[in-house]
Amino acid sequence: MVIGREVEQRQLLQALEAEESQFIAVYGRRRIGKTYLIRQTYKNKFAFQHAGLAKATKKDQLKEFADSLQRYGLKDVKPLRDWQDAFHRLIDLLEAKPAGKKIVFIDELPWLDTHKSKFLSAFEHFWNGWASSREDIILIVCGSATSWIIKKIVRNRGGLHNRVTRHIYLQPFTLRECSQYAEKRRLTLGDKDIITAYMAFGGVPYYWSLIDRGESLTEAFDRLFFASQAVLKNEFDALYASLFKNAGYYIKIVEALGTIKTGMQRAELLKAAKLTNNATFKTALRELEECNFIRQYKAIGKKTKEAIFQLMDNYTLFFFHFIRDNHTQDDHFWQHTIGQDIQKAWQGLAFERVCLWNVEDIKRALGISGMLTSVSAWSYTPTDEEKKKGAKGAQIDLLIERKDNVLMVCEMKYYKEPVSVDSEYAKYIRTRNAILASHLKTKPAMINTLIAPYGLINGRNSDVFDKVVTIDDLLY
């Protein structure tokens, strides 16, 4: 089994047992491991495999497709006139194959759909007019341009409407899966290193694969992010360009969100990004959310129209914090800033994102994984008049609302040692809960939960926390 992809592998293998032809769409962000998953699952036993060319013309795409046809056994392949001709020749190739399931894998499908190429209509005809009527075809399409796959394939309103038999959205690894991956590759990373790496890489397998065996995480960060030819220094532009046609527009949104930790409401975001509230903006928000770059959530006690958009992509946050405006030209920047405020400030923010990405494992550690819950956040800023009366603001970045009228109030703290609770901190927690309770229509039971790598020191005030989740709960 491929680490962290058991469910997805099972879906792909089940297609081999189906009595009718299968049309499978696999999608997800750049570097998430789509191609690796498909090749490993089917052991490269394809009747035909082809990958689109990035930023190529229709002529070049057709030439490469013809080369793939020849490579997989079609004889006397003449230059292809158009995509209709290309798929007719693919049918010739497949019909000449022996009896049995025939797996057709077309990687980076969106790149084949060049301007005025009529690729999609020819592709639709290949599936609807030939493959779908058979029992032996497994057609798998894949692409990093997630928005294109969702719009043109999964939610197609034309000839491919409801034709996809299975669609697999490949999510980033969890923290536990990254730990398993590091162990499998025998990387010399401790538990703290795993969390720090997740803060920067998120759960993107390709980024983790760049760490060399025998290399410390500090050495890896300097080599991958800050050296003169660092592989991930220029990943930002390539990442967004691979996913979105008008990448600059999407970058304006994430840049604006990157300035506010808790996120923004729609009106605030429009103003910060200097964009117009129109269909383009609505589509961009939806596609950024579908690609896991942002999340939309409704703060507890708030209306749906007051939903908040928050930047969630770990690499993007790391890029904004350390790379975009870094003009030091220091090849050992990470080593030279260890223990400094610039790293400490980022770690506090990034650890909260680590927790938000791994809520399911947090729920498992709390013994509520099978319970129906909703995840939200909450903040309160008193008006000037309320401030005059002594009112104070409060903020909680993770609330797990249970259907049994219990609210898990989560405090996320990145400490390199167990957390000690003094009387002032305990008072802050109790006051914050009281402010939250005063703003809720219902009165749920509140369970204070500390999420910290090394847990809690038992002391006079430690009973302010009812539950504790540690690094062991998230990694093992």
Side-chain angles (χ1 to χ4, degrees), residues 3-8 27-33 146 169-182 189 191-209 211 217 232 235 239 243 254 257-258 260-263 288-299 308-321 346-366 368-369 373-377 396-401 408 410-414 449-453 469-476:
I3 285 177
R5 306 302 191 200
E6 291 86 358
V7 173
E8 292 84 355
Y27 53 103
R29 61 170 288 165
R30 170 182 162 95
R31 313 295 202 186
I32 206 68
T146 304
Y169 184 23
L170 219 53
Q171 298 276 3
F173 277 174
T174 64
L175 193 61
R176 175 180 285 103
E177 288 163 349
C178 287
S179 178
Q180 292 170 351
Y181 180 78
L189 302 178
D191 290 350
K192 182 173 72 68
D193 294 327
I194 297 291
I195 289 183
T196 303
Y198 199 93
M199 289 176 180
F201 297 148
V204 181
Y206 172 76
Y207 298 160
W208 286 79
S209 74
I211 303 174
L217 188 63
L232 296 179
E235 168 73 2
L239 173 61
L243 290 166
V254 297
L257 289 176
I260 303 294
K261 181 184 80 166
T262 54
L288 282 166
E289 188 173 3
E290 288 172 339
C291 294
N292 285 328
F293 282 86
I294 68 173
R295 72 163 178 157
Q296 178 183 183
Y297 69 91
K298 182 173 70 72
I308 294 170
F309 297 91
Q310 184 181 34
L311 180 59
M312 288 294 292
D313 183 62
N314 299 52
Y315 169 78
T316 298
L317 286 161
F318 187 90
F319 177 84
F320 285 162
H321 206 96
W346 167 74
Q347 287 169 337
L349 170 61
F351 182 69
E352 292 178 6
R353 293 298 192 279
V354 171
C355 295
L356 292 173
W357 273 111
N358 291 272
V359 167
E360 290 305 313
D361 279 332
I362 290 172
K363 288 167 58 178
R364 180 185 53 77
L366 294 172
I368 59 172
S369 57
T373 62
S374 61
V375 176
S376 63
I396 303 170
D397 293 318
L398 177 58
L399 291 166
I400 303 176
E401 190 176 4
M408 313 294 291
C410 299
E411 176 81 349
M412 299 174 281
K413 286 290 182 184
Y414 183 73
T449 303
L450 176 67
I451 307 171
V469 177
T470 70
I471 190 172
D472 287 346
D473 296 318
L474 297 177
L475 291 183
Y476 305 107

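Nothing here was measured: the structure is a model prediction, and the numbers come from that model.
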Next on the checklist: Just to verify, what does N314 make a side chain to side chain donor-acceptor pair (under 3.5 Å) with, not counting sequence neighbours?
Outcome noted: W357
Checklist entry - Below 4.5 Å, heavy atoms only, C-beta onward: do D313 and N292 meet side chain to side chain? => result no
Checklist entry - Does D473 have any side-chain contact (heavy atoms from CB on, under 4.5 Å) partners at least two apart in sequence or in another chain, and if so, which? => result A365, V469, T470
Checklist entry - With sequence neighbours excluded, what pairs up with R295 under the salt bridge (charged side-chain N to carboxylate O under 4.0 Å, His left out) test? => result none
Next on the checklist: Set out, in order, the CA-CA distance, both residues' side-chain angles and the distance that settles side-chain contact (heavy atoms from CB on, under 4.5 Å) for L175 and I471, then state yes or no.
Outcome noted: CA-CA 10 Å; L175 193 61; I471 190 172; 5.8 Å; no
Checklist outcome for this item: When every non-hydrogen atom of I396 is compared with those of C410, the smallest separation belongs to CG2-O, 4.0 Å
Checklist entry - Which residues pass the side-chain contact (heavy atoms from CB on, under 4.5 Å) test with S374, sequence neighbours left out? => result E401
Checklist entry - For the residue pair Y414 and F351, does the interplanar ring angle fall in the parallel (under 30°), tilted (30 to 60°) or perpendicular (over 60°) class? => result tilted
Checklist outcome for this item: Residue set satisfying salt bridge (charged side-chain N to carboxylate O under 4.0 Å, His left out) with K413, at least two apart, ordered chain then number -> E411
Next on the checklist: Are the side chains of R5 and P205 in contact, using a 4.5 Å heavy-atom criterion?
Outcome noted: yes
Checklist entry - Stepwise, does the side-chain contact (heavy atoms from CB on, under 4.5 Å) test hold for Y297 with L356? => result CA-CA 12 Å; Y297 69 91; L356 292 173; over 6 Å; no
Next on the checklist: Suppose we screen for ring pair (Phe, Tyr, Trp, His ring centres under 6.0 Å). Which residues come up paired with Y207, at least two apart in sequence or across chains?
Outcome noted: Y315
Checklist entry - Quick one: side chain to side chain donor-acceptor pair (under 3.5 Å) partners of Y198, sequence neighbours excluded? => result none
Item to check | Those residues that, when tested against E360, pass salt bridge (charged side-chain N to carboxylate O under 4.0 Å, His left out) (two or more places apart) | outcome: K363
Checklist entry - Any donor-acceptor pair under 3.5 Å linking the side chain of N358 with the backbone of D361? => result no
Checklist entry - Within a strict 4.5 Å, meaning less than it, do heavy atoms of the L398 and V359 side chains meet? => result yes
Item to check | For F319, all residues meeting ring pair (Phe, Tyr, Trp, His ring centres under 6.0 Å), sequence neighbours excluded | outcome: F236
Checklist entry - Taking the side chain as C-beta and beyond, is there a heavy-atom pair between L239 and R29 under 4.5 Å? => result yes
Checklist entry - Can you list the residues that meet the side-chain contact (heavy atoms from CB on, under 4.5 Å) rule with E352, with sequence neighbours excluded? => result K261, D397, M412
Next on the checklist: With side-chain contact (heavy atoms from CB on, under 4.5 Å) as the criterion, how do Q347 and I195 come out once you've worked through the C-alpha distance, each side chain's angles and the decisive distance to 0.1 Å?
Outcome noted: CA-CA 10 Å; Q347 287 169 337; I195 289 183; over 6 Å; no
Checklist entry - Considering residues at least two apart in sequence or located in another chain, which fulfil the side-chain contact (heavy atoms from CB on, under 4.5 Å) criterion with A200? => result F221, F225, F318, W346
Item to check | Side-chain heavy-atom pair F201, L232 within 4.5 angstrom cut-off | outcome: yes
Next on the checklist: List the residues meeting salt bridge (charged side-chain N to carboxylate O under 4.0 Å, His left out) with R353, not counting sequence neighbours, and say none if there are none.
Outcome noted: none
Next on the checklist: Is the shortest side-chain heavy-atom distance between L257 and F320 below 4.5 Å?
Outcome noted: no
